[in-house]
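The structure under discussion appears below in the form of structure tokens.
Proteins get letters first, then strands, A, B, ... in listed order; numbering begins at 1 in each.
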Amino acid sequence: MDYILEVKNLRKEFKNFTLDNISFNLEPGYIMGFIGPNGAGKSTTIKLIMNLLKKDGGEIRIFGKDHEKYEKEVKNRIGFVYDENYYYEDLTINTMKSVVASFYSNWDDSKFNEYMREFDLNPKAKIKTLSKGMKMKFSLAVALSHNADLIIMDEPTSGLDPVFRREILDILYSVIQDEKKSIFFSTHITTDLEKIADYITFINRGKIVFSKPKDDVLQNYGIVKGGLDILDENARKEFIGIRETKVGFEALTDNMDKTRRMFGNRVLIERATLEDIMVYSVRR
Amino acid sequence: MIGILKRDISLLISSKQMIIFMLFYIPLLLFVSESFVPEILYFMILVFYTYMMSTTSFTYDLTGKSKYVINSLPINRNELVIYKYLSIFIYFSITVVYAGVYLWIINILKLADVDYFNLRGIMNAIPTIMIYVSIVFPTFIRFEPRVAQIINIILFMTFSIISSNISYTGDKGALKYLGVLKWEYIMAIALVMYILSLLLSIHLYKNRDI
């Protein structure tokens with residue numbers, strides 16, 4: 001299968017953290033949500049994909065090509081949005097645009113101007129005068145104005161209000177209507193992903209916990225609620241994470257059918273949200 | 001490369017510090033250096049202006065969070081380093097024009113009698129700038145920004161003192177001792193240092209975490 005992004009046994013070692021041989025793939029036409037708590041390795045992975053950090057091992061292929069060997073060619077087809085504004089604060093939107101545009105062979109000025117109007121951005125405004133939401137919209141406009149086939153976003157919605165976040169998600173959803181394009185989207189606001197993601201890759205402490213279709217994840221994972229009397233050693237082994245209180249327990253399972261068979265009506269099982277999955281997995 | 005040059009010049013123009021330096025450094029030098037040889041004064045202006053513009057734009061892609069932007073754009077690391085090294089000649093040309101016009105106006109207004117175009121000054125400034133960046137650029141790539149800045153300041157101070165001494169016209173000035181050095185030798189040394197430094201910087205930047 002032709003993947004738009006392939007990460008194989010990727011490794012990066014720091015003094016206090018190791019990204020430990022992670023692997024996942026993204027197909028064309030899909031949105032992959034990359035979730036994990038702070039410090040799990042999300043930004044490190046994105047920096048490695050963008051070749052901002054040098055990998056210690058493994059392989060990254062984008063559009064089927066090695067991301068270092070074909071760096072320029074590959075980056076020409078990537079749109080990036082980072083968690084905060086990294087553009088030069090003293091420049092105006094127009095100047096910054098003309099700087100960035102000169103790097104891309106497929107820059108589309110009319111598309112950029114369209115986004116400027118849609119986002120209500122003044123091209124003469126200095127970047128430092130924009131609000132956080134406006135800066136994010138500017139980054140998004142840049143990322144979407146050179147016909148990129150892969151959009152890589154590192155926590156684009158963090159710190160934004162729900163209205164802005166919804167707007168951004170709607171735009172991403174419209175981008176994905178072109179079945180050749182894909183979005184790789186890291187966030188810890190998991191509700192955003194429940195709306196738009198097709199695949200979820202969960203990373204924790206530098207290791208991939210799972211990388212699966214979102215529907216599979218939401219179908220199999222469940223929150224189990226029951227009394228403390230059934231929580232013996234065997235039962236504990238069935239759960240990914242457990243939260244105990246004086247009156248009972250709540251736990252996460254990745255196999256609701258098996259849990260139902262084991263405990264019958266002694267427990268209550270509800271579908272887990274991505275947030276539940278993240279919280280319980282981190283707590284284990 | 002045009003994109004980075006456009007960015008660098010836009011940033012230099014929008015920087016208040018750089019505008020202050022561009023406007024007031026020449027009058028300051030004229031004020032403190034009454035006893036300087038005009039040719040060396042011209043040479044110092046060329047070297048300092050080119051150096052300031054080159055190092056300021058060089059650090060844009062190594063310090064601060066905006067370094068992530070340029071390194072995420074479709075440009076490979078080798079190209080970025082080569083551009084940085086070649087850009088010193090562009091900044092040098094800008095300086096020759098800018099300082100020429102500035103000093104010509106000073107002459108016209110009879111504020112001071114200074115060189116506004118001097119071929120020997122230009123010829124001497126070229127290898128000096130090449131030697132200077134050959135030392136400074138790899139330090140910026142190899143070391144933490146704070147350490148690199150300290151090395152840079154030490155080099156800048158050393159150069160300023162040496163230049164001031166060379167340009168001093170009195171008996172203790174070093175100008176008379178430099179007559180033995182031929183320009184061709186200095187240029188050859190500068191060229192070798194520049195190429196070695198470029199290769200070293202390419203190697204260092206290629207393996208560096210941004």
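- With chain A as the partner, the residue from B:S66, B:S14, B:S15, B:S10 showing the most heavy-atom pairs under 4.5 Å is B:S66.
- Side-chain contact between A:I4 and A:I62: absent, with no pair of heavy atoms (C-beta onward) separated by less than 4.5 Å.
- Between B:Y49 and B:V96 there is no side-chain heavy-atom pair separated by less than 4.5 Å.
- By the 4.5 Å heavy-atom criterion applied to side chains, A:L150 and A:L26 are counted as neighbours.
- The contact between B:I4 and chain A is made by backbone and side chain atoms together, counting heavy-atom distances below 4.5 Å.
- Relative ring orientation between A:F112 and A:W107 is described as tilted, the plane-to-plane angle lying within the 30° to 60° band.
- Annotation: A:K132, atom NZ; neighbour count of heavy atoms from other residues, nucleotides and ligands within 6.0 Å is above 12.
- Looking only at heavy-atom pairs under 4.5 Å with chain B, the residue among A:L91, A:N76, A:T95 that has the most is A:L91.
- Only the side chain of A:F80 comes within less than 4.5 Å of a heavy atom in chain B; its backbone stays farther off.
- For the pair A:F24/A:F202, no side-chain contact is recorded, criterion being any heavy-atom separation below 4.5 Å from C-beta on.
- Note on A:Y87, A:Y86, A:Y82: by heavy-atom pairs under 4.5 Å with chain B, the leading option is A:Y86.
- In this structure, B:F43 has its ring center at least 6.0 angstrom away from the ring center of B:F48.
- If you tally non-hydrogen atom pairs under 4.5 Å between each of A:K54, A:H146, A:M50 and chain B, the highest count goes to A:K54.
- Side-chain contact between A:F34 and A:S43 is absent, with no heavy atoms from C-beta onward closer than 4.5 Å.
- Counting heavy-atom pairs closer than 4.5 Å to chain B, the top residue among A:K12, A:K126, A:R77 is A:K12.
- Interface remark: of the candidates A:V99, A:L48, A:I78, A:V99 forms the most heavy-atom pairs closer than 4.5 Å to chain B.
- Across B:K206, B:K67, B:R77, the residue that shares the most heavy-atom pairs under 4.5 angstrom with chain A is B:R77.
- Each of B:L73, B:N71, B:N76 has some count of heavy-atom pairs under 4.5 Å with chain A, and the biggest count is that of B:L73.
- In this structure, no portion of A:T92 lies under 4.5 Å from any heavy atom of chain B.
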